[in-house]
**Q** 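Take a look at the following structure, please.
In what follows, every chain begins at residue 1, and chains take the letters A, B, ... in the order their sequences are listed. The model shown is predicted, which means the values in this text are computed figures rather than measured ones.
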4 protein chains.
Amino acid sequence: MKPRRADRRTRREEILAAAIRVFARRGYAASRIDDIAQEAGVAKGSVYLYFDSREQLLHVAAEAFTARSAAVLAEAAAGRGGARERLERLVRGVVAMLTAEPDLARVLLDLWAASRWGPQSPLDLAATYREYRAAIAALLEEATAQGCPGAVDAHAHATVLVGAIEGCVLQWLIDPEVDPAALVDPLVRLLLPEPAPTTRPDPSR
Amino acid sequence: MKPRRADRRTRREEILAAAIRVFARRGYAASRIDDIAQEAGVAKGSVYLYFDSREQLLHVAAEAFTARSAAVLAEAAAGRGGARERLERLVRGVVAMLTAEPDLARVLLDLWAASRWGPQSPLDLAATYREYRAAIAALLEEATAQGCPGAVDAHAHATVLVGAIEGCVLQWLIDPEVDPAALVDPLVRLLLPEPAPTTRPDPSR
Amino acid sequence: MKPRRADRRTRREEILAAAIRVFARRGYAASRIDDIAQEAGVAKGSVYLYFDSREQLLHVAAEAFTARSAAVLAEAAAGRGGARERLERLVRGVVAMLTAEPDLARVLLDLWAASRWGPQSPLDLAATYREYRAAIAALLEEATAQGCPGAVDAHAHATVLVGAIEGCVLQWLIDPEVDPAALVDPLVRLLLPEPAPTTRPDPSR
Amino acid sequence: MKPRRADRRTRREEILAAAIRVFARRGYAASRIDDIAQEAGVAKGSVYLYFDSREQLLHVAAEAFTARSAAVLAEAAAGRGGARERLERLVRGVVAMLTAEPDLARVLLDLWAASRWGPQSPLDLAATYREYRAAIAALLEEATAQGCPGAVDAHAHATVLVGAIEGCVLQWLIDPEVDPAALVDPLVRLLLPEPAPTTRPDPSR
DNA sequence: TATGAATGAGTGTTCATTCAT
DNA sequence: AATGAATGAACACTCATTCAT
């Protein structure tokens, strides 16, 4: 019985992974259940043993995406170090997460487009981004309190920072020649507050 | 001879505008020709008197979008003033253009998603963004040459700037509570080079 | 007023001729009112000033065909000469008529196919062929009575003769390399009764 | 594993047979996929599990027709007996084949009309008839060589013979009162060369 | 009379989902 | 659980016909 359960879960994940690959390749709208089943190596009908509908596959992919985002956020926010340091960890973590799973990242294009589906939207992306901004704004304020100079309103700053990250990812999704990894340092340099002068003792003394 | 309601050009644009509204509302994938015809107040068949296919409507909407973008770019690049000033005009112009036509902006979500359609993609968005980045990078280098301190590679900086603009717009598209107009000043403060020291008399003297 | 009428009739004939050309080229099923109007050099709507419907154009073309057939039949049957001579004139006349108007002949392919439309069939082709056979059978019997040897039942003979004519035309319609003019002599030699021995003085004496 | 009702091959042939019946009844142009599906007792979509398109159904029907024709031709040509005997077998075989499957024969009306579709024509009927004529011409020449008197050029004779067969069938298709079976003897008597004098003892002696 | 824009019923085809095996 | 044949609702697109000008 136990192995059965494990099998079932594994098979479900295989199908989900296949769906994400197909969504990434063709876009959700053009992805047929047939394609997904073939990619997963199962019969078409079998997809329905693990998922209720084609749309649910997108929902679950969306959840996988938010779960990973939340993990990065939690890790950064809860981690050690000063606020600025944790912000940097967050930026690097988000980009690393997305580049580590490019197919999942590509599904973002569908999730963004699906945001207009209204309440049945595969995920409340608006809420996800709101939390994302709130967490970053909090860190930015903390950083300012810890001595980092903050030029603009923390919440607006957070929105610009989230925007820059997502916008860089967007450019990469649309044009694979854009290298998101190479953009992390510029992002950090341009959009994180400079380290507080007092955070590190001057090593030259 | 007098046209029943409007001349050909006008009628075509009415239908295109209707299509853009419907695409904005439901997303391209869920937009039916019937919806568009109804929104335009014409019969379904009439849409085909002006457009070859549903997909062509998206193509033409995409062209409308790039035309407006190119106009903003040209205006900013060709305008008077120093490089930094023109960059600022560009940033403000892009955001103003998108907020002035929110439905057209919302179609961006479909255009991004459609970038995976391959060669038949409604628009070579990758090329559009490449040009966008190149123009901004050129302005950034010019600004640096004119004395504005530039901390990072101009092309990376351009990508981050384009990303931040698009990313802020993205957040607005997904969550109408985000106000892009309020983000322009932060964008400018955070991502444009500081004005060259010589533009303002040094107050420390 | 009179010239108006003449104009109207002329214009109607022009449109009919255009329709026949288009039917001949594409087949009735694939012939669009647009094509016909363009071929006739008038606007689409104008076709409806002269004909009630697309189908009526086929009806009228069919009538044109039967009128010509009937003329040939009448001419042959009513003409001078012995029965065999008139039969030969009939065979030659039918083939000449069809080859003189190849586009009208090609429409036969549609008329045959349309014979399954039932009562609304563009023409009661079955009746046309029945009359055709009856007239020929009568001539064949007359020829036999006049001394031409007749080996088979006159009505069956007539059916075979009509069949051979139509079948030769059919082969030409399907394959333009078949030359119906070259088949008339063989048709006559093979399927008409030999001339009565008495019609020509035996040269061997 | 056991098929719901029949194996794939069988089901395909059921649908094809249904299509042939519907084509025969209404003509190809007026035959709706719905009609065919209903005639076959399946849902509309199921037709597409076995055929790519409505047009393909006509293609396959056409192939069925040529396959049967070719079989008759081969059987006659390869059979035993003198040339004249084989010719007679061919004529009788063709007519028997067509009357045995009247629905398939009726589709001929569509195939003839479809000959104008050009290269996408469901079948190269011109080629089919060319081969038909060539085979018959060869047999006619052989018969002449074997002593049967031949009055006209063998190829023209073959065209007339093919024409007479097809034309008799045509008359039957258009008017069911025409009985093709009753026309076979007249066809043979009128259009096949008389048996070679040696086959029967000369009664005048 | 002539036009051609407008109409909308009609149809081939697709594909998510179901279900008998 | 797994299959894949079957289903039928949905939809893009066509085109004969109408009608305002």
**Q** Over all strands shown, is B/I33 touching base, sugar-phosphate only, or nothing at heavy-atom distances under 4.0 angstrom?
**A**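 Since only primed, P, OP1 and OP2 atoms lie under 4.0 Å of B/I33, the category is sugar-phosphate.
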**Q** Would you tell me if any nitrogen or oxygen in the side chain of C/R54 comes within less than 4.0 Å of OP1 or OP2 on F/dC15?
**A**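 No, outside the criterion.
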**Q** In whole angstrom, what separates A/L58's CG from E/dA16's C1'?
**A**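 It works out to 15 Å between those atoms.
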**Q** Without decimals, in angstroms, what is the distance between A/F51 CZ and E/dA16 P?
**A**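 Value for this atom pair: 15 Å.
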**Q** Find the distance D/D52:CG to E/dT14:C1' and express it as a whole number of Å.
**A**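 Distance check: D/D52 CG to E/dT14 C1' gives 13 Å.
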**Q** Minimum heavy-atom separation for A/I174 to B/S115, with atom names?
**A**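 Closest approach of A/I174 to B/S115: CG1-OG, 3.8 Å.
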**Q** Could you check D/R32 against A/E55 and say which one's nearest nucleotide on DNA chain E is further toward the 5' end?
**A**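 This one resolves to D/R32.
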**Q** Reading DNA chain F from 5' onward, which residue's closest nucleotide shows up sooner: B/A29 or B/S46?
**A**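 Of the two residues, B/A29 wins.
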**Q** What about A/K44, does its side chain sit under 3.5 Å from the base of E/dT17 through a donor-acceptor pair?
**A**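 Yes.
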**Q** For B/Y28, does the six-membered ring have the charged nitrogen or CZ of A/R116 within the cation-pi criterion, i.e. under 6.0 angstrom from the centroid and within 45° of the normal?
**A**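 Because its charged atom misses either the 6.0 Å distance or the 45° angle limit, A/R116 does not stack over B/Y28.
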**Q** Decide if atom CD of D/Q38 counts as having more than 12 heavy atoms of other residues, nucleotides or ligands within a radius under 6.0 Å.
**A**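 Result for CD/D/Q38: open.
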**Q** With nearest nucleotide decided by heavy atoms, which residue, A/S53 or D/S53, maps closer to the 5′ end of DNA chain E?
**A**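 Result: D/S53.
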**Q** Report the C-alpha distance between D/K44 and D/D34 in whole Å, list the side-chain angles of each, state the deciding distance to 0.1 Å, and finish with yes or no for salt bridge (Lys or Arg N to Asp or Glu O under 4.0 Å).
**A** CA-CA 6 Å; D/K44 178 159 57 157; D/D34 265 323; 3.8 Å; yes
**Q** Using a 4.0 Å heavy-atom cut-off, does C/Y50 contact any base of the nucleic acid, only the sugar-phosphate backbone, or nothing at all?
**A**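 Answer is sugar-phosphate: C/Y50 comes under 4.0 Å of backbone atoms only.
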**Q** Have a look at B/V47 and say if it touches a base, only the backbone sugar-phosphate, or nothing, with a 4.0 Å heavy-atom cut-off.
**A**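 The residue B/V47 makes no contact with any strand.
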**Q** How do C/Y48 and D/G45 order along DNA chain F: which one's closest nucleotide is nearer the 5' end?
**A**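 Its nearest nucleotide being more 5', the pick is D/G45.
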